[in-house]
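Before any comments, here is the structure.
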Amino acid sequence: MGLICGVYKRNYENVTLDFLNRMLQSTEGSILGTKYVMTQLNVAMAEVNLSGNKETNSSAKVTYMSPYYIVADCRLDNREFLIENLKVDKRDVLDSMLIILAYKKWGERCCDYLLGDFSFLIWDKDNNTLFGARDPLGIKPFFYKLTASEFSFSTNIKNIQNTKNITDWNEDYLIDFLYRKGMPNDYETPYPGIKRLPKGSSITVSSRDFQIKKYWKLNPNKKITYINKQDYTEHFTEIFTSAISSRLRGNSTVSVMMSGGLDSTSIYALAKSVNQPNHVLPISCVFDKYTEADERHYIMPVLEKYNEKNYEFLVSDDYWILKGFPNYAPDMDEPCRNSMTHAMVYNSYLKAKKHNSNVVLTGYAGDQVFGFNPYYISEYLRKFQVIKFLSESKQLAKSNNDPLLWAIREYGLKTFKRKHEKPTVLLPKCHEIALQRASDRNTIKDPSLRAQYDYIDQAQNLNYTRVISENLGIETRYPFLDVRLVEFLFAIPTDQKIKDAQTKVLLRRAMKGIIPSNVLNQYGKATTNMLLFEGLKREWNKIYPMLKQSILADMKIVDGKKFIEQIDRYRHGELTQGMDYISALQLELWLQEHSC
């Protein structure tokens, strides 16, 4: 847990320690930990470690096993498998050393044998070659810049280049960010020349060669089918329990960010069953004033079921979005919609810090991996299951309060020609560019499966949470983004995930008797929209002048007049077009903070 960075001079120019220290200075003071550095001729690498797994001393060095050096931000979840297959004697061997041994045995195929969250780079001294990789779901970041003479990399963009006073932006990134409703794509960054290593990819760099290879991706042709639905439940429970158990690794209290929803309460309940009960701390945001957002009527039965005496409630009525604007959140290398909720998120993590937690579990991405989207009904039409299609369409229309024929047309028929895309904040030309780019990258023909793939692909906007938690010496872990769980849920039939327009039917079956029935059977979610409305009201006098000078409008990416009008509607409590314009607001404010 921490950061890695370095530089490789492809022209064989020597690199000094001063050069490496200058890279690290950009994050000096924002991340506290032990530095590990290495300089060898034309290569310099550094790691700032927060996990406490390595010895702490001023002369600490990067992990080395001749002829390999490695810097890594990693947590491996299959240590026992690796220790056995790599014939390692020491049970307390570092995760980074296991990666070196895996590379030594399996070469570039080593990533196929690694399970967990990781971002690493290995220098092969004998062959003067770099090899690195990023985990399948992209939990850990990896950025790089390549020129003819130099390759630089880091888990923070600001280690590679200055991120303030920018005059030239990567417009493709900005357009995709808005098309994906506030989620970055898997390739670009806002800065021309700075690239993101795609998740599930490896990278090889030498003086003459540069290659990126995809070692993992979701397989739409893989299917898991059982005759008995109980087999799905047992298989899921086994994987989900393992995903949680492996993420409890540590030597302190594990905090769980627990709302009253099905995802986070399931994580808490299973964490209690596989770990010492007094080592799991639930932290919940509650509301006294905004009762429509308060979920204590779901949270308390869970706490009572497990006789939980050690928990934290954070009363969050006064933690509106953009509170304290413009100094409302830490400086970010990239725009991130979640940073607008900094006041509530940061104070939640302070609760974990108060109990000396160095690990936090969240229920993030539960919605994505279970694939709920209204277009799932198209699968039944595609398979000519007309009766089932009509039945699900009726249930979906009822739950969304839509006319039946409208639901059939919009969610069923239009998906086959990909005409179901709703208008976005983007101007038409930019929308078409982004739509075409998304279509080129996702070629899955089944509309329902394609939509689920997109949902999972976008479950990666984790940089803000990473900055918040690691600045406090905490690592955030995501059980629903366990690659084993994602692969399983992607491969099982749709009706095991969504049925009668009810989401997460498999999770509900698996958690029966484990969490209280009122939590298990709830439908829908509590809303915190009032924090959005309140924030725009309170901060409007500072935000409005910036919207009048919109960079996005000047770049002809959005309609400036419509942009202001929509944000003003939010300010007055009218939530139309979902969060599209909120993503645009956050991007606009971020651009103005980082532009010249």
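FYI, the numbering just counts along the sequence from 1.
Ring-plane geometry between Y581 and Y570 is classed as perpendicular, the angle between the planes exceeding 60 degrees on a 0 to 90 degree scale with a lower cut at 30. Aromatic ring pairs are classed by plane angle as parallel below 30°, tilted from 30° to 60° and perpendicular above 60°; the pair F177 and Y173 is parallel. Ring pair F131/F120 is tilted by interplanar angle, where 30° to 60° counts as tilted.
Judged by distance alone, with hydrogens and angles left aside, the side-chain atoms of D333 form a donor-acceptor pair with the main-chain N or O of I157 at under 3.5 Å. Put simply, the side chain of Y8 gets close to the backbone of S207: a donor and an acceptor are under 3.5 Å apart. A donor-acceptor distance shorter than 3.5 angstrom exists from the side chain of Q586 to the backbone of C336, with no hydrogens or angles considered. In terms of modelled atom types and a separation under 3.5 Å, the side chain of R484 and the main chain of L115 share no donor-acceptor contact. Remark: side-chain polar atoms of R538 are not paired, donor with acceptor, to backbone N or O of F533 under 3.5 angstrom. For the pair K383 (side chain) and S378 (backbone), a donor-acceptor distance under 3.5 Å is absent. The main-chain N or O of E150 is found under 3.5 Å from a side-chain atom of T147 such that the two form a donor-acceptor pair. Of the possible polar contacts, none joining the T167 side chain to the C596 backbone as a donor-acceptor pair under 3.5 Å is found. Looking only at distances, a side-chain donor or acceptor of E588 sits under 3.5 Å from a matching main-chain atom of L552. No donor-acceptor distance shorter than 3.5 angstrom exists from the side chain of S583 to the backbone of L178, with no hydrogens or angles considered.
For the pairing with L218, the side-chain contact (heavy atoms from CB on, under 4.5 Å) check across V483, I444, L449, I456 returns one residue only, I456.
The OG atom of S439 lies 7.0 Å from the CZ atom of R450; values are rounded to the nearest 0.5 Å. The CD atom of Q502 sits 13.0 Å away from the CG atom of L396 when rounded to the nearest 0.5 Å. With rounding to the nearest 0.5 Å, the separation of CG in N156 from CE in M332 is 9.5 Å. One finds the OG atom of S339 at 8.0 Å from the CG atom of L322 (value rounded to the nearest 0.5 Å). Atom CZ in F488 sits 10.0 Å away from atom NZ in K222 (nearest 0.5 Å). For the atom pair OG1 (T415) and CD (E379), the distance works out to 11.0 Å, reported to the nearest 0.5 Å.
When all heavy atoms are compared, the tightest approach of K140 to E475 is NZ-OE2, 3.3 Å. Listed here is the closest heavy atom pair of L587 and P335: CD1-CG, 3.6 Å. Of all heavy-atom pairs spanning I474 and Y349, the tightest one is CD1-O, 3.9 Å. For the pair G324 and K542, the tightest heavy-atom approach, listed with the atom from each and the gap, is C-NZ, 4.4 Å. Residue C430 comes nearest to K556 through the heavy atom pair SG-O, 3.6 Å, listed as atom of the first residue, atom of the second, then distance.
With respect to K195 and E188, a salt bridge is recorded, a charged nitrogen being found less than 4.0 Å from a carboxylate O. Salt-bridge annotation for D186 and R134: present, with a side-chain N of the basic residue lying under 4.0 Å from a carboxylate O of the acidic one. Using a 4.0 Å cut-off between a side-chain N of Lys or Arg and a carboxylate O of Asp or Glu, D457 and R441 do not qualify as a salt bridge. Under the 4.0 Å criterion applied to side-chain N and carboxylate O atoms, E539 and R571 are not assigned as salt-bridge partners. Between D440 and R437 no salt bridge is recorded (no basic side-chain N to carboxylate O distance below 4.0 Å).
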- Is there a salt bridge (charged side-chain N to carboxylate O under 4.0 Å, His left out) between K323 and D318 once you walk through the steps? CA-CA 9 Å; K323 183 171 184 175; D318 292 333; 5.6 Å; no
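The aromatic ring centroids of Y191 and F143 lie 6.0 Å or more from each other. A centroid separation of less than 6.0 Å is found between the aromatic rings of W590 and W169.
Side-chain atoms of D454 and N442 form a donor-acceptor pair, as typed in the model, at a separation below 3.5 Å. Side-chain contact of T476 with S469: a donor-acceptor pair under 3.5 Å is present, judged by distance alone. E108 and T204 share a side-chain donor-acceptor pair at under 3.5 Å.
K561 NZ: 12 or fewer foreign heavy atoms inside a 6.0 Å radius. Counted within 6.0 Å of CZ on F210, heavy atoms from surrounding residues, nucleotides or ligands total more than 12; the atom is thus considered enclosed. The number of heavy-atom neighbours closer than 6.0 Å to NZ of K223, taken from other residues, nucleotides and ligands shown, is above 12. Residue F325 places its CZ atom among more than 12 non-hydrogen atoms of other residues, nucleotides or ligands, all under 6.0 Å distant.
Taking the side chain as every heavy atom from C-beta outward, H594 and T163 approach each other to under 4.5 Å. Side-chain contact between R75 and R247 is present, with at least one heavy-atom pair separated by less than 4.5 Å. In this structure, the side chains of D172 and N185 stay at 4.5 Å or more apart for every pair of heavy atoms. No side-chain heavy atom of M257 sits under 4.5 Å from any side-chain heavy atom of S264.
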